[in-house]
Amino acid sequence: MAPSLPMDPNTWDVISFAVDKGHGVKGLADLGLETLPKQYIQPPEEQIIHSTVVTENSIPVIDLSNWNDPMVAEQICNAAEKWGFFQIVNHGIPIEVSENVKEATRQFFGLPAEQKNKHSKDNSPTNNVRYGTSFTPKAEKALEWKDFLSLFYVSDDEAAAQWPSAFRNEALDFMKKSEFVIRRLLQALMKGLNVKEIDETKESLFMGSKRINLNYYPKCPEPELTVGVGRHSDVSTLTILLQDDIGGLYVKKLDSDAWVHVPPINGAIVINVGDALQILSNGKYKSVEHRVIANGIKNRISVPIFVNPRPSDIIGPLPEVLESGEKPIYKQVLYSDYVKHFFRKAHDGKETVDFAKI
Ligand SMILES: CC(C)(COP(=O)(O)OP(=O)(O)OC[C@H]1O[C@@H](n2cnc3c(N)ncnc32)[C@H](O)[C@@H]1OP(=O)(O)O)[C@@H](O)C(=O)NCCC(=O)NCCSC(=O)/C=C/c1ccc(O)c(O)c1
Ligand SMILES: O=C(O)CCC(=O)C(=O)O
Ligand SMILES: [Fe+2]
């Protein structure tokens, strides 16, 4: 049942309702508020209406029907260098798998707050399952209009025991079915770095851990005043993102102040380079700032899989990249330290990577 509208919105504690009690922004949206609570008003420079949005450019769309075509690997490396973002089509992940995972996401966020909140940071019996709202509410001056469920993959058995049943099978299926594409993308990208073979050590370094997030962006009053997700780059090696048909993801064009929309394409998957790959490639592949707007008319969902090093891995520029005498611009850092640094502060564009700069 939707909670009733509080009598006095001036004295009513929005944070307690949305964050502590676990109603999230979905709970706020269900109240039918006509104005945006002040806690969600972003500074003008973070509102997309104050940014330059360009329509003459778009991120590359790469057709993967023929992996054996050397042009495909070249397009992947080019996109990772010049955009840090691209979409893939004819990738081999069955459409039912992505439709099922999106439907399960809608089901999960449709559950009553008490059920979702069983997985909050305070209530969840495991750190590997976390339901929350915004990004890191305690560290943020203004909150983001997004609820999420974040699942760190350890094993099928652990997922069976800990992951919410409303989403488990669909999420695992999507993770399994995307494995082939992830490996091929990494093989192509490594060729461009002079890495001949992805042995076991490298495999762990590039894709030793995975996290899947379910993002829910409900319809928002006064959407232009807030954000769905603020400017950030991912801390992953690669991110594999499913979005629905609503749109709203914007990517920063490299070496410019311009933002480019990522249009939903039926059956396509969005791929982006994360900070770990930017560091491993000594800056050749770019982990690019992106953000999501809030929508005043429709609910939106997205489902990223973050493909990462293991928390215990040390990441730094690969020896193959430095072989030619290129100077390292990043030092060696423990990956879990890097991720903790990212999670402990509000979204701040590209500043996380300074943590690893020499
Ligand atoms: C993430 C960690 C560090 C957690 O380790 P753990 O021992 O459980 O540490 P912890 O002390 O519970 O968490 C550290 C802090 O991170 C926060 N945190 C942990 N998990 C999450 C999460 N899923 N979402 C938000 N914050 C989180 C905690 O709240 C802690 O903050 P604080 O309470 O100390 O203030 C560990 O699992 C690890 O090293 N993992 C490596 C692989 C990995 O998870 N990589 C991240 C890929 S995610 C990625 O690339 C992008 C994510 C993203 C982007 C935009 C968004 O808006 C968003 O919501 C998420
Ligand atoms: O919702 C989206 O399209 C992107 C979300 C995102 O950037 C993230 O979860 O890291
Ligand atoms: Fe992201």
Side-chain angles (χ1 to χ4, degrees), residues 19 59 84-85 87 102 105 119-122 124 126-140 143-154 204-217 227-252 261-264 268-278 287-295 299-315 333-350 352-353:
V19 179
I59 64 168
F85 258 87
Q87 305 214 51
K102 286 192 262 184
T105 302
H119 308 290
S120 71
K121 182 175 156 79
D122 292 341
S124 176
T126 164
N127 263 353
N128 296 336
V129 178
R130 177 169 312 209
Y131 162 72
T133 188
S134 191
F135 176 59
T136 175
K138 286 205 179 89
E140 289 166 328
L143 299 189
E144 302 182 346
W145 196 260
K146 180 193 84 171
D147 297 334
F148 69 88
L149 177 72
S150 183
L151 306 164
F152 186 67
Y153 178 82
V154 175
S204 158
L205 193 58
F206 303 151
M207 51 184 296
S209 83
K210 285 194 189 130
R211 178 180 289 282
I212 183 164
N213 278 15
L214 292 67
N215 295 324
Y216 188 77
Y217 309 89
V227 295
V229 183
R231 291 180 302 115
H232 70 284
S233 59
D234 295 346
V235 293
S236 51
T237 307
L238 283 181
T239 303
I240 316 299
L241 177 89
L242 266 186
Q243 61 169 337
D244 63 14
D245 56 359
I246 310 293
L249 169 63
Y250 286 82
V251 170
K252 183 123 180 258
H261 187 234
V262 179
I269 290 179
V270 180
I271 306 290
N272 64 281
V273 172
D275 292 356
L277 184 53
Q278 176 168 321
S287 169
V288 162
E289 262 179 85
H290 52 285
R291 58 174 159 176
V292 178
I293 60 166
N295 188 308
N299 305 322
R300 174 174 185 267
I301 56 152
S302 69
V303 184
I305 298 176
F306 302 104
V307 179
N308 315 300
R310 279 173 212 224
S312 56
D313 281 327
I314 307 278
I315 60 165
V333 293
L334 178 65
Y335 186 60
S336 66
D337 285 348
Y338 189 86
V339 177
K340 282 185 189 173
H341 173 68
F342 170 72
F343 278 141
R344 290 218 169 105
K345 58 186 177 48
H347 282 142
D348 54 2
K350 278 293 300 168
T352 318
V353 80

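Excluded from the calculations below are hydrogen atoms, water molecules and symmetry mates; all remaining heavy atoms, backbone and side chain alike, are included. Atoms within each ligand, like the ligands themselves, are counted from 1 in listed order.
Contacts between Val339 and ligand 1, counted as non-hydrogen atom pairs separated by less than 4.0 Å, involve the side chain only. Residue contacts with ligand 1 for Asn213 involve side-chain atoms from C-beta outward but no N, CA, C or O (heavy atoms, distance under 4.0 Å). Counting heavy atoms under 4.0 Å from ligand 1, residue Lys138 does not touch it at all. Only the side chain of His347 comes within 4.0 Å of ligand 1, counting heavy atoms alone; its backbone N, CA, C and O stay farther away. Counting heavy atoms closer than 4.0 Å to ligand 2, residue Leu241 contributes side-chain atoms (C-beta onward) but none from N, CA, C or O. In Phe135, neither the side chain nor the backbone holds a heavy atom less than 4.0 Å from any atom of ligand 2.
The atoms of ligand 1 that sit less than 4.0 Å from any heavy atom of Val235 are 46 (C), 47 (C), 49 (C), 50 (O). Of all the atoms in ligand 2, the ones that sit under 4.0 Å from a non-hydrogen atom of Arg300 are 1 (O), 2 (C), 3 (O). Atoms of ligand 2 lying under 4.0 Å from at least one heavy atom of Val292, given by number and element, are 1 (O), 2 (C), 3 (O), 4 (C). Close contacts between ligand 2 and Phe306 involve ligand atoms 9 (O), 10 (O) [criterion: under 4.0 Å to a heavy atom]. Near Pro304, meaning under 4.0 Å from any of its heavy atoms, are these atoms of ligand 2: 9 (O). Taking a cut-off of under 4.0 Å to the non-hydrogen atoms of His290, the atoms of ligand 2 that pass are 7 (O).
For the Fe ion (ligand 3), the count of nearby protein N, O or S atoms, meaning those under 2.8 Å away, is 3.
With respect to the salt-bridge test (charged N to carboxylate O, under 4.0 angstrom), the residues Glu289 and Lys350 do not qualify.
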Check: Hey, mind stepping through Asn308 and Val235 against side-chain contact (heavy atoms from CB on, under 4.5 Å) and telling me if it holds?
Finding: CA-CA 8 Å; Asn308 315 300; Val235 293; 5.5 Å; no
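At a 3.5 angstrom cut-off on N or O pairs, Asn127 counts as close to ligand 1. Residue His232 has at least one N or O atom closer than 3.5 Å to an N or O atom of ligand 2. In terms of polar-atom proximity, Ser134 is not counted as a contact of ligand 1, lacking any N or O under 3.5 Å from an N or O of the ligand.
The protein heavy-atom contact nearest to atom 3 (C) of ligand 1 is Lys340 CG, 3.5 Å. What sits closest to atom 49 (C) of ligand 1 on the protein, heavy atoms only, is Phe306 CD2, 3.3 Å. Regarding atom 5 (C) of ligand 2, its nearest protein heavy-atom neighbour is Tyr217 OH, 3.5 Å. Among protein heavy atoms, atom 23 (N) of ligand 1 sits closest to Ser150 OG, 2.9 Å.
Defined by atom type and a distance below 3.5 Å, a donor-acceptor pair is missing between the side-chain atoms of Asn299 and Tyr217. Side-chain N/O atoms of His347 and Glu144 include a donor and acceptor closer than 3.5 Å.
Using a 4.0 Å cutoff on heavy atoms, Asp234 counts as a contact of ligand 2.
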